[in-house]
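Down below is the structure, laid out as structure tokens.
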Amino acid sequence: MANITFEGVTKQYPDGYEAVKDMNLEIQDGEFVILVGPSGCGKSTALRMVAGLEDITDGDLRIGEEVVNEKPPKDRDIAMVFQNYALYPHMSVRDNMGFSLKLHGVDKEEINRRVEDAAKVLDLTEHLDRKPANLSGGQRQRVAMGRAIVREPAAFLMDEPLSNLDAKLRVQMRTEVSRIQQRLGTTTIYVTHDQTEAMTLGDRVAVMRAGVLQQVGTPMELYSRPKNLFVAGFIGSPAMNFMPATVEGDTVKLPMVSVRLPQELRERVGQVDGKRLIAGIRPQAFEDASLVTGDARGQGEAFRTTIDVVESMGSEVYVHFTIDSGERIDSDELRELAEDAGAGEVPGAGGDEQIVARLSPESDVRQGQEAELFIDTSHIQLFDPDGGASLTA
């Protein structure tokens, strides 16, 4: 096992396009780090540079203490798990898992030992003599992981390994991947477009945008203290709500209500009186006002709105309502987030804006009716439209 370090790593193609720009990231020995971001952000390119499948234009990439820029893939002591299973259809599970060891001249008894040990970890023992065609998608993905495990590499590289599985199986396999990585303790870099995978799997998550590393931290750090508008909008499901805002003294004026900022937030925001900002509010900052009592009432403000849609999820209720977000806010970050989500409208860009609130299952709000909702002002985040930097992180 080994740590992996990016030191100013850049990947520029012959046409001048920079897929990865001055990337600095240190992954500790045994750590599970997720690279996440929209399509084309450079996360897979970064992974392929670690694997040796992409040349490095500038900077140094270290595995352990050794710079591996010029080292061929076969000499880097890494194992890669791809999006497609890449299994040999004519070989049994046992032969697929042990094939790379056979190519490296490992003794047959040692191959069998490693394959059977990996099969126990992956719950594949009873399938060792079957062909890939006779396995389910989840079982095939476990075989692909087993092929990597038997090599006992310094690091695992996983490029969206669960993207071909159905939703239920992906949830199951996320648990399996996490369990296996914790048991083996092998340094792992995992690339995904799915922020739910990123939040549930990694020790740390690295968010990328247009080749640039935006923020690195634990899942809760990214969720609670995003450094910029892009990270705030990309992390979280349902996504953060965005709307125009103006700060006047200790009050922030939102489209549906004016609320007093807690002193701690007011000090972080600084002197921005009268400036147009972007407010970010996560769905769980809202609640049915009838369920908010006692001291909690002093932590926010209530407002009335007409409920457009109610989605009951059993343990929680999602309600959608519309606000008039007023004048247009121009933000490259919001535009990119909308494009990545396949949305036609840019959040907070002006006109009617859809807001999502997560309420307690005890709420009795009804679709098409007016309701009183409560907003916890301690969870409001404010961003500068010019560059998207967080003013409250």
Side-chain angles (χ1 to χ4, degrees), residues 215 221-236 238-289 291-292 295-306 319-335 337-338 345-359 371-393:
Q215 185 174 353
E221 285 173 348
L222 299 186
Y223 186 81
S224 303
R225 298 186 295 280
K227 287 185 177 179
N228 60 42
L229 196 59
F230 182 82
V231 175
F234 193 82
I235 297 295
M240 180 179 281
N241 300 295
F242 294 107
M243 61 195 75
T246 305
V247 174
E248 294 183 4
D250 62 353
T251 301
V252 58
K253 291 188 174 182
L254 304 174
M256 67 284 198
V257 68
S258 292
V259 297
R260 295 194 60 163
L261 287 173
Q263 182 62 27
E264 182 186 2
L265 280 183
R266 184 68 189 89
E267 291 174 357
R268 286 191 220 158
V269 170
Q271 298 301 316
V272 291
D273 283 8
K275 182 177 180 179
R276 281 290 180 180
L277 303 176
I278 298 176
I281 307 173
R282 294 210 180 273
Q284 70 270 22
F286 296 93
E287 185 53 278
D288 184 334
L291 302 176
V292 181
D295 293 341
R297 273 277 178 180
Q299 297 178 8
E301 298 287 341
F303 63 96
R304 298 195 70 83
T305 187
T306 300
V319 300
H320 301 250
F321 60 94
T322 304
I323 60 170
D324 182 359
S325 59
E327 66 183 72
R328 182 179 182 85
I329 290 178
D330 189 22
S331 167
D332 292 337
E333 289 80 5
L334 291 183
R335 190 176 298 109
L337 288 167
E345 297 294 331
V346 179
D352 291 341
E353 179 65 31
Q354 281 289 322
I355 302 297
V356 182
R358 189 181 75 181
L359 310 182
E372 186 178 38
L373 300 182
F374 179 85
I375 178 172
D376 185 340
T377 58
S378 67
H379 292 295
I380 292 177
Q381 301 194 41
L382 296 173
F383 302 90
D384 189 338
D386 301 326
S390 173
L391 302 175
T392 47

*Mark yes or no for whether Gln215, through its side chain, and Lys227, through its backbone, hold a donor-acceptor pair below 3.5 Å.*
yes

_Contact check, side chains of Gln354 and Thr322, non-hydrogen atoms, under 4.5 Å_ = yes

*Should Ile278 and Pro385 count as side-chain neighbours, where that means a heavy-atom distance under 4.5 Å?*
yes

*How close do Ala279 and Ala245 get, heavy atom to heavy atom, and via which atoms?*
CB-CB, 3.7 Å

*asked:* Tell me whether Arg260 at atom CZ has more than 12 heavy atoms from other residues, nucleotides or ligands lying less than 6.0 Å away.
replied: no

*asked:* Using every non-hydrogen atom in the two residues, find where Pro244 and Arg276 come nearest and quote the distance to one decimal.
replied: CB-NH1, 4.2 Å

*Closest non-hydrogen atom pair between Leu254 and Ile380, with its separation*: CD1-CD1, 4.1 Å

*Donor-acceptor contact below 3.5 Å, side chain Asn241 vs main chain Val356*: yes

*Could you tell me the separation between the CG atom of Leu373 and the CZ atom of Phe303, rounded to the nearest 0.5 Å?*
4.5 Å

*How far apart are the C-alpha atoms of Thr251 and Val259, what are their side-chain angles, what is the distance that settles it, and do they pass the side-chain contact (heavy atoms from CB on, under 4.5 Å) test?*
CA-CA 6 Å; Thr251 301; Val259 297; over 6 Å; no

*Minimum heavy-atom separation for Ser258 to Lys253, with atom names?*
OG-CG, 3.4 Å

*Let me see the working for Thr246 and Val252 under side-chain contact (heavy atoms from CB on, under 4.5 Å), right down to the final yes or no.*
CA-CA 6 Å; Thr246 305; Val252 58; over 6 Å; no

*Can you name the closest pair of heavy atoms from Arg297 and Ala302 and give their distance?*
NH1-CB, 3.9 Å

*asked:* Working to the nearest 0.5 angstrom, can you tell me the gap between Ile281 CD1 and Met256 CE?
replied: 4.5 Å

_Could you report the tightest heavy-atom contact between Phe242 and Glu353, atom names first, then the distance?_
O-CG, 4.0 Å

*Polar side-chain atom of Ser390 near backbone of Phe383 as donor-acceptor pair, under 3.5 Å*: no

*Would Ile355 and His320 count as a side-chain contact (heavy atoms from CB on, under 4.5 Å) if you check the C-alpha gap in whole Å, the side-chain angles of each, and the deciding distance to 0.1 Å?*
CA-CA 6 Å; Ile355 302 297; His320 301 250; over 6 Å; no

_Could you measure the distance from the NE2 atom of His379 to the OG atom of Ser224? Nearest 0.5 Å is fine._
8.5 Å

*State whether the side chain of Arg282 and the backbone N or O of Tyr223 hold a donor-acceptor pair below 3.5 Å, judged by distance alone.*
yes

*Judged by modelled atom types alone, do Gln299 and Thr377 share a side-chain donor-acceptor pair under 3.5 Å?*
no

_Intermediate values then yes/no, side-chain contact (heavy atoms from CB on, under 4.5 Å), Leu229 and Asp384_ = CA-CA 8 Å; Leu229 196 59; Asp384 189 338; over 6 Å; no

